[in-house]
> 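First the structure, then my questions, so here it is.
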Amino acid sequence: MIYLDESGDLGFGPRSSKYFVLAAIITREPDKTSKCIKKIRQQKLPKKYKTIPELKFHNSSQTIRSRVLECVAQTDTDIAYAVLRKHQVYKRLKSQSSILYNYLCGSLISKIITAYKLEDQIKVFVDRSLYGFERENFDNYLTWKACLGNHSEEQNIDPPDIVHIDSRQDKCIQVVDFVAGAINHRYSMDDPTYYNTIEQRVSILMDFFEGKDKN
């Protein structure tokens with residue numbers, strides 16, 4: 001199963017993020033992966049964390065971030081991600097956020113399918129609030145890219161089952177939020193502390209447009 005989330009934004013104003021990160025976790029045991037959030041919830045937390053509906057990287061303490069990421073590193077979970085260096089985006093695309101977003105998602109899913117030689121139908125879970133773009137266009141593009149994009153002619157790819165889910169109800173989506181946040185922190189803050197915790201689980205890195213650092 002593949003879970004997808006992002007960190008950063010696709011705006012290009014003075015207050016916008018410098019990087020946009022799209023992260024995916026490929027988990028063979030989603031129940032164990034989701035326990036990385038459950039374990040934190042079961043611990044004695046400061047009162048402010050008990051009132052929020054879900055834990056996210058941006059609203060969590062350094063301790064919580066580290067514990068979640070350390071747990072992920074110990075599971076049978078692979079990480080794939082794409083990082084967009086926004087200063088290199090063509091001017092004509094800066095006003096086409098939905099096209100840019102769909103392209104990044106499609107490219108990452110296509111890369112995962114090729115790298116893992118996936119032919120059976122895969123399930124892709126995405127936060128249903130992901131960037132608020134039109135769901136039908138997103139699903140259609142992702143399906144097209146998954147089935148036709150950059151694959152060997154020998155691969156007969158079944159269309160993916162794309163599931164839009166409320167992140168508050170799915171702890172694996174919450175896990176990938178922490179992963180995406182840790183990756184973005186590495187680039188935007190030039191601080192690899194969180195990233196180093198999960199680096200061993202990274203199997204795919206797509207860097208737009210600095211080239212591919214790891215495959």
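Keep in mind that the numbers below use all heavy atoms, side chains included, and drop hydrogens, waters and symmetry copies.
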> Nearest 0.5 Å please: distance from the CG atom of L104 over to the CG atom of L10.
7.0 Å
> In the structure I gave you, are the side-chain heavy atoms of F208 and R85 within less than 4.5 Å of one another anywhere?
no
> Please report the closest heavy-atom contact between L4 and V176, naming both atoms and the distance.
C-CG1, 4.0 Å
> Main chain of S107, side chain of S110: is a donor-acceptor contact present, judged purely on distance under 3.5 Å?
no
> What distance do I162 atom CD1 and I122 atom CD1 have between them, rounded to the nearest 0.5 Å?
8.5 Å
> Check whether any side-chain heavy atom of I183 sits under 4.5 Å from a side-chain heavy atom of V83, and report yes or no.
no
> Looking at side-chain heavy atoms only, is the closest gap between H164 and D139 below 4.5 Å?
yes
> Passes side chain to side chain contact (heavy atoms under 4.5 Å, CB included), M206 versus L108? Steps please.
CA-CA 8 Å; M206 302 182 75; L108 186 60; 4.0 Å; yes
> How about N184 and S7: does a side-chain donor come under 3.5 Å of a side-chain acceptor?
yes
> Using every non-hydrogen atom in the two residues, find where D177 and F57 come nearest and quote the distance to one decimal.
OD2-N, 2.8 Å
> If you define the side chain from C-beta out and look only at heavy atoms, does anything of V72 sit under 4.5 Å from F178?
no
> With sequence neighbours left out, what residues match D76 under salt bridge (Lys or Arg N to Asp or Glu O under 4.0 Å)?
R28, R201
> Applying side-chain hydrogen bond (donor to acceptor under 3.5 Å, both in side chains), name anything that partners T33, two or more places apart in sequence or on another chain.
T27, T77
> Checking D191 now: which residues fulfil salt bridge (Lys or Arg N to Asp or Glu O under 4.0 Å) with it, not counting sequence neighbours?
none
> When you compare the side chain of S66 with that of T197, does any pair of heavy atoms fall below 4.5 Å?
no
> Atom CD1 of I99 and atom CG of N137: how far apart are they, to the nearest 0.5 Å?
9.5 Å
> May I ask you to check whether over 12 heavy atoms, not counting those of K35, lie within 6.0 Å of atom NZ?
no
> Show the numbers, then the answer: is there a side chain to side chain contact (heavy atoms under 4.5 Å, CB included) between I204 and Y81?
CA-CA 6 Å; I204 294 171; Y81 74 89; over 6 Å; no
> Above 12 or not: heavy atoms from other molecules or residues under 6.0 Å from CD of Q62?
no
> Using only heavy-atom distances, determine whether the side chains of Y3 and D170 contain a donor-acceptor pair under 3.5 Å.
no
> Between F20 and L100, is there a side-chain heavy-atom distance shorter than 4.5 Å?
no
> Which atoms form the tightest heavy-atom contact between C36 and V68, and what is the distance?
O-CG2, 4.0 Å
> Where do I25 and C172 come nearest, in terms of heavy atoms and distance?
CD1-O, 3.8 Å
> Can you name the nearest heavy-atom pair linking P30 to M1, along with the distance?
CG-SD, 3.9 Å
> List the residues meeting salt bridge (Lys or Arg N to Asp or Glu O under 4.0 Å) with K32, not counting sequence neighbours, and say none if there are none.
E29
> Nearest 0.5 Å, what's the CZ-CG distance between R168 and L55?
13.5 Å
> So which heavy atom on S167 is nearest to which on E54, and how close?
OG-OE2, 2.9 Å
> What do you reckon, is CZ of F12 surrounded by more than 12 foreign heavy atoms closer than 6.0 Å?
yes
> Can you check whether V175 reaches S34 side chain to side chain, under 4.5 Å on heavy atoms?
no
> Say you draw a straight line from CD1 of I37 to NZ of K56; how long is it, rounded to the nearest 0.5 Å?
10.0 Å
> Closer than 4.0 angstrom, basic N to acidic O: yes or no for D9 and K86?
yes
> Find the distance between NE2 (H185) and CG (D190) and round it off to the nearest 0.5 Å.
9.5 Å
> Quick one: which residue pairs count as a salt bridge (charged side-chain N to carboxylate O under 4.0 Å, His left out) with a foot in residues 91-110, not counting sequence neighbours?
none
> Check whether L69 and M189 end up in the same hydrophobic cluster, where Ile, Leu, Val, Met, Phe, Trp and Tyr are linked by side-chain heavy atoms less than 4.5 Å apart.
no
> With H58, which residues qualify under side-chain hydrogen bond (donor to acceptor under 3.5 Å, both in side chains), at least two apart?
none
> Would you say the side chain of K18 lies within less than 4.5 Å of the side chain of Y187, judging by non-hydrogen atoms?
no
